[in-house]
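These values consider heavy atoms only, across backbone and side chains, with no hydrogens, waters or symmetry-generated copies. Proteins get letters first, then strands, A, B, ... in listed order; numbering begins at 1 in each. As the structure is a prediction and not an experimental result, all values here were calculated from the model.
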Amino acid sequence: MTENSTPPVVLVDGSSYLFRAYHALPPLTTSNNLPTGAIKGVTSMLRRLEQDYPGSKVVVVFDAKGKTFRHEMYEEYKANRPPMPEDLAVQIEPIHNIVKAMGLPLLIVPGVEADDVIGTLAHEATSKGIDVVVSTGDKDMAQLVSDHVTLINTMTETAMDRDGVSDKFGVAPEQIVDYLALVGDKVDNIPGVNKCGPKTAVKWLQTYENLSNLIEHSSEIKGKIGEYLREATDTLPLSRELATIRTDVELDFGLEDLTDRRQDDEALLGLFREYEFRNWIAELENADSKSPDTTDPAPVEKPEKRYSMVTDQGELDQWLERLKQAELFAFDTETTSLRYMDAEIVGLSFAIEPGEAVYVPLGHDYMGAPEQLDRDSVLGQFRPLLEDPTRKKVGQNLKYDKNVLANHGINLEGIAEDTMLESYVYNSVGSRHDMDTLAREYLNENTITYEAIAGKGAKQLSFNQIDLEQAAPYAAEDADITLRLHQTLSPKLKTTGRLEAVYREIDLPLVPVLSRMEQRGTLINASTLRQHSQELAERMSQLEEAAHEVAGEAFNLGSTKQLQAILYDKFGLRVIKKTPKGAPSTAEPVLQELAHEHELPRLIVEHRSLSKLKSTYTDTLPELIHHRTGRVHTSYHQAVTATGRLSSSEPNLQNIPIRTEEGRRIRQAFTAPEGRKLVAADYSQIELRIMAHLSGDKGLLNAFAHGEDIHRATAAEVFNVSLEEVSSDQRRSAKAINFGLIYGMSAFGLSRQLEVDRKTAQHYIDRYFERYPGVLTYMDNIRKQAHEDGFVETLFGRRLYLPDINARNKQMQQAAERTAINAPMQGTAADIIKRAMIEVDNWLRQEHPDDAIMTMQVHDELIIEVEESALDKVREGLIQRMSAAAELDVPLLVEAGVGDNWDQAH
DNA sequence: GCGACCCA
DNA sequence: TGGGTCGC
């Protein structure tokens, strides 16, 4: 075989797939009963083909309607074929249309069968030294196989070269025609030799090599079968001719007519919508088949930029008027600080039409700055517009702008769109969701970076210090880009699954809720924390002293480098794991393991965890208390995690230890003010409940319906004992299994967790799936679906794309599979608590505007600060609303406690 | 098992 | 920038 650097030409036998797809797939129909199974099957096959043969030219060939030259040759040809079923016939035209929209040449030659068109093109290609791949579901095509022609079946993903043909048929490709002539074909009504099947045909051909030689020596064949052969000698040449695929048909199409593929996305999108192939629509809008965001920026029309600056009242009046008339406008604030609690407004920018934007500077106070309009006067003029919920605004991360405006006593309403959230809902993992990234990705625009105008590092200017020559275009661009991003992203959301609803009903209405929580903040008892810090310091120095003693020398416990030297060089402890750089690891699990052999690692582990707590919480929390409010104002981030959860920073509320005494003491420092209490309510076992709901497993549903202790119930099933007999150890194991399942843990992981051997762990898992078969089915299905679609969804339709789900690297693929299992559960939990927050906030503002406020959200928990007089009512209402945030097939249990501090409220 | 934030 | 710990 010659090496050929040009990719092979791929010739697709569309007709063969048509029938196979029709029979292989369930009878899919659209909502108005249009059959689509074959359309989907063939389209899916073509898509796969494109992936498998990236640089190749592809030609798709179908049979034409009506008779062919074979009918003229032999009247009875294909006489035994049943007529095409009506529900297949109606699918042919749609398939042709999809092929065309995909930009693939579609060949239908009247009077010539697809086989012969393919044979002819294959012949043409090989004669020009181009290799050929024939994609077909029809094994008769094996006769075309040669050193330069390979057969593949894209549906079964099998390939057949020369050796493949020999293996499969027992004869060489050149003998296939003779073979087919001997065996005949019932359906095509090719006569063949009576009683001669594959085995006989192969035997004969192995002995006589070809048909004419066999006929010549037909007298040598003994027995009844010999008689049948001799009877057939008259018809065999005809049979042979019928079975022969022609390679010399006259076509008005040649390989030189192949042009570069040009897919018509619009047309294809229309067709996919018509046939309701929802899964493909999102992928189509982006060139990449799986992950919508990894595509090259589409060639976007770039409007001419008309950016201006307003420094006099007359111009401002004009803009105010235009903004009032606008159906939707983009706006952005420029401020003195990125921290929302300290930020003061330096300017405002607006955009109504793509390409046109204005900046209104209000507080640039560098030496020589031009005269600007008075800030408070301008803000006063904008106030009615900004506070009017019917005036629709679009922004990039409007939560920030809402917070900043609140610092000036303006309550931003009418948050109609947020491009950061549009991007996040559209593809949570594809990229970052800051404006520079989005502009590059969706608009093919390189925006002015903040660094470019403000400098970086210690010399970085705050916005009020930046020269207006530079600041104005930067600020105006922000508004312009935001508007255009919205125009690009909005239709994408609308046409992709249920993403529009996730965005509009969950993430967008959450913005003002989070903004209010951030602004309110939470009360922190600084003196408790300082006390705690001191105690931690004492304990740490004790540990340090002990560690130095054990080590026989003084060293910095915080330095992994010094620690490595002592553990591995000095004491020669075994190296369990290495860091990516090759140094022996001192990570926690490693030290935990080494603690069996040496005293030092245990001291280090404890020291480290105390040190972490001290530096991140007990030392830092008091510093985060805001001078103006006396409270701590966490930032909630809505566009960070892949699964839809919120994250928080300054402080990160999600990392406070939950079970340890140290963690409890940190929670004790989160307090209620005089006359108020904290109510903390959390969803009990929400992820397991979601698993029960999504899987529909009877056993799990039952256990939850009866309010059983789920870990105990699991233990009873897995260890085959009654509920009463479950030991605490068995319950602990069951709990580990339950969580392990949610995280996609392996038997290996579970065995480590439980400190049992792997076989035992595997046995537990097997028992679990035996007892809860619905869970097993669910997990298999979701894995399968992830492979097919390239994404998974939460109950509400939030999507998580898994670009690695079909990666060649097995580890990456398995990691993606674990995410596929975990994300729907974790993401659904996130959706539910977000819905609850929106409800609860709404209710509290209506019913308890002065005596209760929601202050924190941590994982599956909401915390409300409430007047003692309203305690019972608020507690009940909170539980009720959280429980009602989703209707699952299991009850959503919410547990709530009350206390003077967060720990007590548990 | 993986990811978010924080620290050195 | 990488390593660590916590969470789910």
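Residue A/Ser746 has its side chain nearest to B/dG1 when only B/dC2, B/dG1, B/dC6 are considered. Nearest nucleotide to the A/Ser647 side chain, out of B/dC7, B/dC5, C/dG4: B/dC5. For A/Thr620, whose side chain is taken as the heavy atoms from C-beta onward, the closest listed nucleotide among B/dC7, B/dC6, C/dT5 is B/dC7. The A/Pro657 side chain lies nearest to C/dC6 when the options are B/dC6, C/dC6, B/dA4. In the set C/dC6, C/dC8, B/dC6, the nucleotide with an atom closest to the side chain of A/Asn652 is B/dC6. Considering only side-chain atoms of A/Arg645, the nucleotide from C/dT5, C/dC8, B/dC2 that sits closest is C/dC8. Looking at the side chain of A/His859, the nearest of the listed nucleotides B/dC7, B/dC5, C/dG7 is C/dG7.
Of the candidates A/Asn822, A/Ile805, A/Leu802, A/Leu802 is the only one forming a side chain to side chain contact (heavy atoms under 4.5 Å, CB included) with A/Val792. Paired with A/Asp903 under the rule salt bridge (Lys or Arg N to Asp or Glu O under 4.0 Å), one option of A/Arg664, A/Arg667, A/Arg659 passes, and it is A/Arg664.
Put simply, CG on A/Leu802 is 11 Å from P on B/dG3, counting in whole angstrom units. Remark: C1' of C/dT5 and OH of A/Tyr617 are 9 Å apart, rounded to the nearest angstrom. Rounding to whole angstrom units, CE of residue A/Met825 and P of C/dG7 are separated by 20 Å. What separates CG of A/Asn822 from P of B/dA4 is a distance of 12 Å, to the nearest Å. Put simply, CD on A/Gln654 is 15 Å from C1' on B/dC2, counting in whole angstrom units. If you measure from atom CG of A/Leu613 to atom C1' of C/dC6, you get 9 Å, rounded to the nearest angstrom. In this structure, the CE atom of A/Met745 is 11 Å from the C1' atom of B/dC2, given to the nearest Å. Look at NZ on A/Lys735: it is 13 Å from C1' on C/dC8, rounded to the nearest Å.
Within the nucleic acid shown, A/Thr643 has no heavy atom closer than 4.0 Å to any nucleic acid atom. Across all strands shown, A/Thr819 has no heavy atoms under 4.0 Å from either base or sugar-phosphate atoms. At the heavy-atom level, A/Ser611 lies nowhere under 4.0 Å from the strands shown. Using a 4.0 Å heavy-atom cutoff across all strands shown, A/Gly744 reaches no nucleic acid atom at all. In this structure, A/Ile656 reaches the sugar-phosphate backbone alone: every heavy-atom distance under 4.0 Å involves primed, P, OP1 or OP2 atoms, never a base. Using a 4.0 Å heavy-atom criterion, one finds that A/Val640 contacts the sugar-phosphate atoms exclusively. Within the 4.0 angstrom heavy-atom criterion, only backbone atoms of the sugar-phosphate kind lie near A/Ile658; the bases stay farther away. Contact annotation for A/Ala829: no contact, since no heavy-atom pair falls under 4.0 Å across all strands.
Listed pair A/Arg818 / B/dC2 meets the phosphate criterion, a side-chain N or O lying under 4.0 Å from OP1 or OP2.
Using a 4.0 Å cut-off between charged nitrogen and carboxylate oxygen, A/Glu662 and A/Arg539 do not count as a salt-bridge pair. In summary, A/Asp434 and A/Arg432 engage in a salt bridge, as defined by a charged side-chain N under 4.0 Å from a carboxylate O. Between A/Asp780 and A/Arg783 there is a salt bridge, with a side-chain nitrogen of the basic residue lying less than 4.0 Å from a carboxylate oxygen of the acidic one.
In this structure, A/Tyr743 forms an aromatic stack with the base of C/dC8, since both conditions hold: centre separation below 5.5 Å and plane angle below 30°.
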CA sep, side-chain torsions, deciding dist, call: A/Phe739, A/His711, ring-ring contact (aromatic ring centres under 6.0 Å, His included): CA-CA 10 Å; A/Phe739 284 112; A/His711 301 313; 5.7 Å; yes
